[in-house]
> 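Sharing a structure with you now.
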Amino acid sequence: MSDKFTPTSKEELLARAEAVAGLSLAGLAQRLDIAMPSNSTQGKGFVGQLLELWLGATAGSLPQPDFQQLGIELKTIPINAQAKPIESTYVSIVPLRDIAGLSWEQSDIYKKLQHILWIPILTEKGLAIGERIIGSPILWQPSPQQAVILQQDWEELMDMVAMGEIEHITARLGTYLQIRPKGANASALTQAIGPEGESIMTLPRGFYLRTCFTQQILMEASHINSI
DNA sequence: GTCTGATCATTT
DNA sequence: AAATGATCAGAC
C-alpha cells in the first residue's frame, strides 16, 4: 500500500497532495503503515514527516528545498476552524558565523521561500493528533511586494548578526520574518559573532514566518479558489 | 553539534 | 488570546 512516489512535476505533486485532502492524520498514517505518536508533544514534527513520506520529499536534513528537482519546499501549517494559523512557521536556521558578504539571494532561506507547497492541517486544541484533518494544498510563490518585505527583514536582522548584536535580537523585530531560538534546549550552544568581532557561544536561532504573513497567504489562496 | 520536522509553556 | 522564548523527536 505504501508504494514509493517521486513527483516529477509540480502538477503531479499538487495532485498527490490534493488526493489526501479531507483525510485525518490517522487515516494517512494507516495508509502508509506508520504508527501514530501518542500525543502532539511527543509528536512534534510528525505531521511534516508524514506528509514528506506521502509526497516523496527527498532533501532529508539538508538545508535545501524538500523537492530539490522542483525547487519546492513543503510546509504543513496548523490552522483553526476559522482557517487562521495557530503557530508561526519555522523556515531555516540563522547562519551566525562566516556570513561576511552573504547576500539575500545566496541564502538558504531565500531558496526555500521561492516556492512553497503549503498543506493546512485543521488542528483545534483538544483534538487528538490523529483526528487532525489534512486540508487542500496551496502552491505559493511570494508576490513582488512580499519579496521586498522579506528581503528587508532578512537584511535588517542579518546586519545585526554581522555586527555582533545577536544577543540584542528579539522575536519582536521583523515584519514578516522573525528570529527565535531553535535548539534542543537551553544548553545547546553554537558559535556566533560577538560585539568586538570575537567568537561567542549562543543559542542556535531560526528564521520563522509570523502568523500575520502566513494568514495572508492562506487568505489569498482561498480568494483565488472561490472565483 | 547541526540540521530537519514542528509545538509547548510562559509571558505579555 | 496571541506572541515570544523554550523545548521535543529524530537523522547524521
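These numbers come from a predicted model, not from an experiment. Numbered from 1 within each chain, the chains take letters A, B, ... in sequence-line order.
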> Between A:Tyr176 and A:Gln152, do the side chains contain a donor N or O and an acceptor N or O under 3.5 Å apart?
no

> Report yes if a side-chain nitrogen or oxygen of A:Tyr90 is closer than 4.0 Å to either non-bridging phosphate oxygen (OP1 or OP2) of B:dT4; otherwise report no.
yes

> If each of A:Gly43 and A:Ala171 is mapped to the nucleotide of DNA chain C with the nearest heavy atom, which maps nearer the 5' terminus, i.e. the 5' end?
A:Ala171

> Report the C-alpha separation of A:Lys75 and A:Glu73 in whole Å, then their side-chain angles, then the decisive distance to 0.1 Å, and conclude whether the salt bridge (Lys or Arg N to Asp or Glu O under 4.0 Å) test is met.
CA-CA 7 Å; A:Lys75 285 292 169 201; A:Glu73 171 75 7; 3.6 Å; yes

> Within 45° of the six-membered ring axis of A:Tyr208 and under 6.0 Å from that ring's centre, is NZ or CZ of A:Arg180 located there?
yes

> Using a 4.0 Å heavy-atom cut-off across all strands, classify A:Gly48 as base, sugar-phosphate, or nothing.
sugar-phosphate

> Could you tell me whether the phosphate oxygens of C:dT7, OP1 or OP2, come under 4.0 Å of any side-chain nitrogen or oxygen in A:Thr41?
no

> Hey, does the side chain of A:Arg172 come within less than 4.0 Å of C:dG5's phosphate (OP1/OP2), counting only N and O?
yes

> Can A:Lys44 and A:Glu87 be counted as an ion pair, charged N to O under 4.0 angstrom?
no

> Taking only side-chain N and O atoms of A:Thr211, does any of them lie within less than 4.0 angstrom of OP1 or OP2 on C:dA3?
yes

> Could you tell me whether the phosphate oxygens of C:dT4, OP1 or OP2, come under 4.0 Å of any side-chain nitrogen or oxygen in A:Arg210?
yes

> With respect to the phosphate group of B:dG5, does any side-chain polar atom (N or O) of A:Lys182 fall under 4.0 Å of OP1 or OP2?
no

> When the distance from CG of A:Leu53 to P of B:dG5 is rounded to whole Å, what number comes out?
14 Å

> Does any N or O donor sit under 3.5 Å from an N or O acceptor when you compare the side chain of A:Tyr208 with the base of C:dA3?
no

